[in-house]
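Notes to accompany the following structure.
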Amino acid sequence: MVTDDAETGETVRVVVVDDNPAVVDLASEYLEHTDGRFSVLTETSAPAAVERLRDCEAGVDCIVSDYQMPEMNGFEFLEAVQETCDDVPFILFTSQGRELFEESPPDGVTELIQKDGRSGLYSELADRVTRAAESEAT
């Protein structure tokens, strides 16, 4: 896993899953430019991401996922991922908002970030990914 010492050069492997290619491209670009340690893998399909994550030996440090996607929603994706990678921080990055959390969220959801078009949204995402990956490493 990643260490919290940026000077070690340790890579922070992040998987971003969203059915909107523009979102995965923007998130990937922003994360990699914000912190040189970020290595971002992207998928526009939750089932494809599940296949990619079947081998957690690769060391994924954080997963960022949309909620509303075809074939599998964010909670279903989380459940599928937990079968092989049960301790990876999982950030729900969604336009659905806080109504998803009116009841208890599934175990394993680390953070919720609402995609609402506000300024600083991707900066907030980068901060939360860093925090989640670093807390997982300790």
Side-chain angles (χ1 to χ4, degrees):
M1 284 293 176
V2 66
T3 67
D4 60 358
D5 184 356
E7 294 181 13
T8 66
E10 186 83 23
T11 299
V12 178
R13 290 180 44 112
V14 182
V15 176
V16 177
V17 183
D18 195 302
D19 60 313
N20 182 338
V23 171
V24 293
D25 289 347
L26 187 56
S28 174
E29 229 176 273
Y30 194 90
L31 290 170
E32 288 178 343
H33 283 90
T34 298
D35 188 326
R37 296 178 301 154
F38 287 144
S39 173
V40 182
L41 305 169
T42 63
E43 287 291 346
T44 55
S45 157
V50 169
E51 286 303 312
R52 182 176 241 179
L53 293 167
R54 289 250 183 251
D55 178 18
C56 278
E57 298 299 317
V60 174
D61 297 298
C62 187
I63 298 170
V64 176
S65 176
D66 189 16
Y67 174 76
Q68 190 169 357
M69 298 180 285
E71 302 177 59
M72 177 182 290
N73 71 35
F75 292 161
E76 293 164 338
F77 171 55
L78 170 61
E79 188 176 301
V81 167
Q82 287 177 324
E83 292 177 15
T84 55
C85 311
D86 65 346
D87 290 332
V88 176
F90 190 92
I91 298 174
L92 206 55
F93 187 54
T94 180
S95 58
Q96 295 300 300
R98 302 247 176 238
E99 65 270 13
L100 290 176
F101 285 76
E102 288 176 0
E103 296 181 25
S104 295
D107 287 340
V109 174
T110 307
E111 298 268 357
L112 169 70
I113 303 173
Q114 187 172 9
K115 292 187 279 188
D116 56 8
R118 71 185 179 283
S119 162
L121 178 63
Y122 287 90
S123 178
E124 178 183 350
L125 176 63
D127 289 345
R128 293 204 195 179
V129 167
T130 300
R131 198 169 48 230
E134 289 176 351
S135 69
E136 183 64 22
T138 58

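Worth knowing before you read on, the calculation uses all heavy atoms, side chains too, and leaves out hydrogens, waters and symmetry mates.
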Find the distance between [atom1] ([X]) and [atom2] ([Y]) and round it off to the nearest 0.5 Å.
X: Glu79; Y: Asp107; atom1: CD; atom2: CG; value: 11.0 Å
X: Glu83; Y: Leu53; atom1: CD; atom2: CG; value: 12.0 Å
X: Arg128; Y: Leu125; atom1: CZ; atom2: CG; value: 9.0 Å
X: Arg54; Y: Cys85; atom1: CZ; atom2: SG; value: 9.5 Å
X: Phe90; Y: Gln82; atom1: CZ; atom2: CD; value: 8.0 Å
X: Met72; Y: Asp19; atom1: CE; atom2: CG; value: 13.0 Å

Are side-chain heavy atoms of [X] and [Y] found at a separation under 4.5 Å?
X: Thr94; Y: Gln114; value: no
X: Asp18; Y: Glu43; value: no
X: Thr34; Y: Val129; value: no
X: Leu92; Y: Phe75; value: yes
X: Val17; Y: Asp66; value: no
X: Ser123; Y: Tyr30; value: yes
X: Ser28; Y: Val16; value: no
X: Gln68; Y: Asn73; value: no

Exercise. Go through Leu78 and Val109 one step at a time and tell me if the side chain to side chain contact (heavy atoms under 4.5 Å, CB included) criterion holds.
Key: CA-CA 8 Å; Leu78 170 61; Val109 174; 3.6 Å; yes
Hey, is the main chain of [Y] close enough, under 3.5 Å, to the side chain of [X] for a donor-acceptor pair?
X: Arg52; Y: Thr42; value: yes
X: Glu32; Y: Val40; value: yes
X: Asp61; Y: Val14; value: no

Quiz item: Can you name the salt bridge (charged side-chain N to carboxylate O under 4.0 Å, His left out) partners of Asp116, sequence neighbours left out?
Solution: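 By the salt bridge (charged side-chain N to carboxylate O under 4.0 Å, His left out) rule, Asp116 matches Arg118.
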Quiz item: In chain order, what residues pass the salt bridge (charged side-chain N to carboxylate O under 4.0 Å, His left out) check against Glu29, with sequence neighbours excluded?
Solution: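 Glu29 satisfies salt bridge (charged side-chain N to carboxylate O under 4.0 Å, His left out) with no other residue.
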Practice problem: For the pair Phe77 and Ile63, evaluate side chain to side chain contact (heavy atoms under 4.5 Å, CB included) and give the outcome as yes or no after the intermediate values. | Solution: CA-CA 11 Å; Phe77 171 55; Ile63 298 170; 3.8 Å; yes
Practice problem: Could you please spell out the steps behind the side chain to side chain contact (heavy atoms under 4.5 Å, CB included) verdict for Ile91 and Ile113? | Solution: CA-CA 7 Å; Ile91 298 174; Ile113 303 173; 3.9 Å; yes
Quiz prompt | Glu10 bridged to Arg37 by N-O distance under 4.0 Å | solution =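 Salt bridge: no.
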Exercise. Please say whether more than 12 non-hydrogen atoms of neighbouring residues, nucleotides or ligands are located less than 6.0 Å from CD in Glu76.
Key: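 Correct, the count exceeds 12.
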On a heavy-atom basis, which atom in [X] and which in [Y] lie closest, and how many Å separate them?
X: Ala46; Y: Met69; result: CB-CE, 3.9 Å
X: Thr44; Y: Pro21; result: CG2-CA, 4.0 Å
X: Cys62; Y: Ala132; result: SG-CB, 4.3 Å

Quiz item: Quick one: ring-ring contact (aromatic ring centres under 6.0 Å, His included) partners of Tyr122, sequence neighbours excluded?
Solution: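 So Tyr122 forms a ring-ring contact (aromatic ring centres under 6.0 Å, His included) with Phe93.
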